[in-house]
Amino acid sequence: MLGPTHEEMFTLLVKDLYSSYKDLPVSLYQIQTKYRDEARPRAGLLRGREFLMKDSYSFDIDDAGLAKSYQDHRDAYERIFQRLRLPYVIVKAMSGAMGGSMSEEFLAPIEVGEDTFVRCTKCDYSANTEAVATGALPADTNTYDAPVAFDSPNCPTIASLVDYLNTHHARSDRAWTAADTLKNVVLQLRQPDGSTEALVVGVPGDREVDIKRIEAQVSPAEVEPMDDASFAKHPGLVRGYIGPQVLGTESATGVRYLLDPSVVPGSEWVTGANKKDTHVLHLVNGRDFNADGTIEAVEVAAGDPCPTCGGAMEIARGIEIGHVFQLGRKYADKLGLTVLDQNGKQVVVTMGSYGIGVSRAVASIAEAFHDELGLKWPRAISPADVHVVVTGKKDDDISVAAEKLATELEAQGLEVLIDDRVGVSPGVKFKDAELLGIPTIVVVGKSLADGNVEVRDRHAGTNEAIAVGTAVAHVVSLVRSGS
RNA sequence: CGGGGUGUGGCGCAGUUGGUAGCGCGCCUGGUUUGGGACCAGGAGGCCCGGGGUUCAAGUCCCCGCUCCCCGACCA
């Protein structure tokens, strides 16, 4: 079966096979061709419609069991990526369409990656941008003046409003900036059944809203900007001059209103007065208006505070190479996967789902391990252990010695690639060997006259003369050491 | 599905104000070479993406298709 993931198949399989708590926990895995109907495949192996994926599924009787299965997989994945020598970070992630709770992604931090994540420069916090939780920020305890409405002709945008403020209502301490303004973005939620609901999200005026991030929190609803037709249904919303005084389910308009957590309780804002060409100063959150709640809404930016330590966060790109998450009982419930527990009662099984993109891991490795000359395979997955380059002519001393060396290396259980092409100049063979990127290259050639072969390390770029007599042992120990 | 490119020997490309197609690599033959992508000599190979049009004349100008690539939407 060619599918995007195989949760259903595995749930049904386990339902068929097992019926007792004694059969659990159990984890099943496969390495399979998967298919995704990508709108636009790109980036070679990184993003095709067909790809190779290792996926596994765990089945447990209770939450503690699931937590252990999850941790076991997470640990195993760490060991796999360490062995591959693939640099990775583990980031908090959204579980997406499949639901569930705990979810983490393994990202290879590589510039060309398709995934954006943040990490703290002080502590070890990191998260996919969609999953960043701002956490609770301290409330603003200052006392502010009462709200004052003022005329603000031709100021439908934040930039024009800031200009106007600095010209006509200059502050004594500093200039007004976009960060002093409260921007209220009108969106609508489209539920799977097609129904829509207006939603206004308030963010500081210097920040953009991240629709994907919002969407991740209101799933399965989709988020879109409000169109003209829907705007017409809400005459209370004055475009360009929307303020929170008329927002909220308890308010005049009845439109749901959510604030980004960075708009903390007690903070004061310049914002729309719900009347054309009019804004208002000193509008305080909690005193002059109340939202229906908070929602992570701003586009995450470099320098944002870390939710765990408050340090500055940075933005980085990565390739998603693995994903682990706790599915919970969603599939088991729907498909009737239960077992009998110690008391003879039917219990719904709880599941986890864990994947590694095998083909895209190869792409990630190529990105992480190459230089201007070509690939540099990590030892653990190199197509061969050693690449023997023969620079002599057919049947001369050099080629005879090279054949012998290759045979002996093979006898030691190594995978040997030998370049014994005749009529090809040494330079060509060297370049080809570097391009292929087998970690150890043994050159049998000129230095044989001194009783040596050359052992080159593709990663380190070193070239060492080794006596022919000890070459086999030397190469074998290099390979076995995993270096 | 939007936006932008591209298409010429096997591969990578050039082709001016329209004048009947060229370069590098590769390939074939002979010879000389062998420690950083060798050299000499000779040679083969093209429906210039397709269709229509303008013109005495189109790779080149105009119109209509198609291809592949890139950027978005989408997605691991």
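Sequence lines set the chain letters: A, B, ... in the order given, protein chains first and strands last, and positions in each chain run from 1.
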If you measure from the [atom1] atom in [N] to the same atom in [M], how many Å do you get, rounded?
| N | M | atom1 | result |
| --- | --- | --- | --- |
| B:G26 | B:C69 | P | 27 Å |
| B:G9 | B:A21 | P | 15 Å |
| B:G45 | B:C28 | P | 16 Å |
| B:G59 | B:C47 | C1' | 12 Å |
| B:G10 | B:G5 | P | 28 Å |
| B:G12 | B:C74 | P | 33 Å |
| B:G18 | B:A41 | C1' | 38 Å |
| B:U6 | B:A14 | C1' | 15 Å |

task: Indicate whether any N or O donor in one side chain lies under 3.5 Å from an N or O acceptor in the other, for A:S58 and A:H73.
output: no
- prompt: Looking just at side-chain N and O atoms, do A:Q32 and A:H6 make a donor-acceptor pair shorter than 3.5 Å?
  reply: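 Note: A:Q32 and A:H6 side chains miss the donor-acceptor criterion.
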Using whole Å, what does the distance between atom [atom2] of nucleotide [N] and atom [atom1] of [X] come to?
| X | N | atom1 | atom2 | value |
| --- | --- | --- | --- | --- |
| A:K393 | B:U33 | NZ | P | 9 Å |
| A:E372 | B:G37 | CD | P | 16 Å |
| A:E454 | B:G36 | CD | P | 12 Å |
| A:D397 | B:U34 | CG | C1' | 16 Å |
| A:E38 | B:C71 | CD | P | 14 Å |
| A:N452 | B:G35 | CG | P | 18 Å |
| A:D37 | B:A73 | CG | P | 17 Å |
| A:I398 | B:U34 | CD1 | C1' | 10 Å |

Reckon [X] touches a base, only the sugar-phosphate, or nothing at all at heavy-atom distances under 4.0 Å?
| X | answer |
| --- | --- |
| A:E224 | nothing |
| A:G113 | nothing |
| A:G357 | nothing |

message: Whether A:S425 contacts B:A38 is assessed here as follows: a side-chain N or O lying under 4.0 Å from the phosphate OP1 or OP2. Is that the case?
response: yes
Salt-bridge criterion met for A:E367 and A:R360 (N-O under 4.0 Å): no
field: NZ/NE/NH1/NH2 to OD/OE distance under 4.0 Å, A:D55 and A:K34
entry: yes
For [N], which nucleotide is its Watson-Crick or G-U wobble mate, given both distances must be under 3.5 Å?
| N | result |
| --- | --- |
| B:A41 | B:U29 |
| B:C1 | B:G72 |
| B:C61 | B:G53 |

field: Rounded distance (nearest 0.5 Å) linking atom NZ of A:K334 with atom CD of A:E8
entry: 10.5 Å
statement: When rounded to the nearest 0.5 Å, the distance separating CG of A:L327 from CZ of A:R329 is 12.0 Å
Proximity to the side chain of A:R40 - top-ranked nucleotide from B:C70, B:G37, B:G35: B:C70
statement: Checking B:G37, B:C74, B:G35 against the side chain of A:R42 (C-beta onward), the nearest is B:C74
message: A quick test of your reading: do over 12 heavy atoms of other residues, nucleotides or ligands sit less than 6.0 Å from CG of A:D397?
response: no
message: What I want to check is whether an N or O donor and acceptor connect the side chain of A:R421 with the base of B:G37 at under 3.5 Å.
response: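 No, no donor-acceptor pair under 3.5 Å.
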message: Assuming nearest nucleotide by heavy-atom distance, tell me which of A:K431 and A:D115 is located more 5' along RNA chain B.
response: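 So the residue in question is A:K431.
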message: Both A:S359 and A:A39 contact RNA chain B. Which one's nearest nucleotide lies toward the 5' end?
response: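 Nearer the 5' end of the strand: A:A39.
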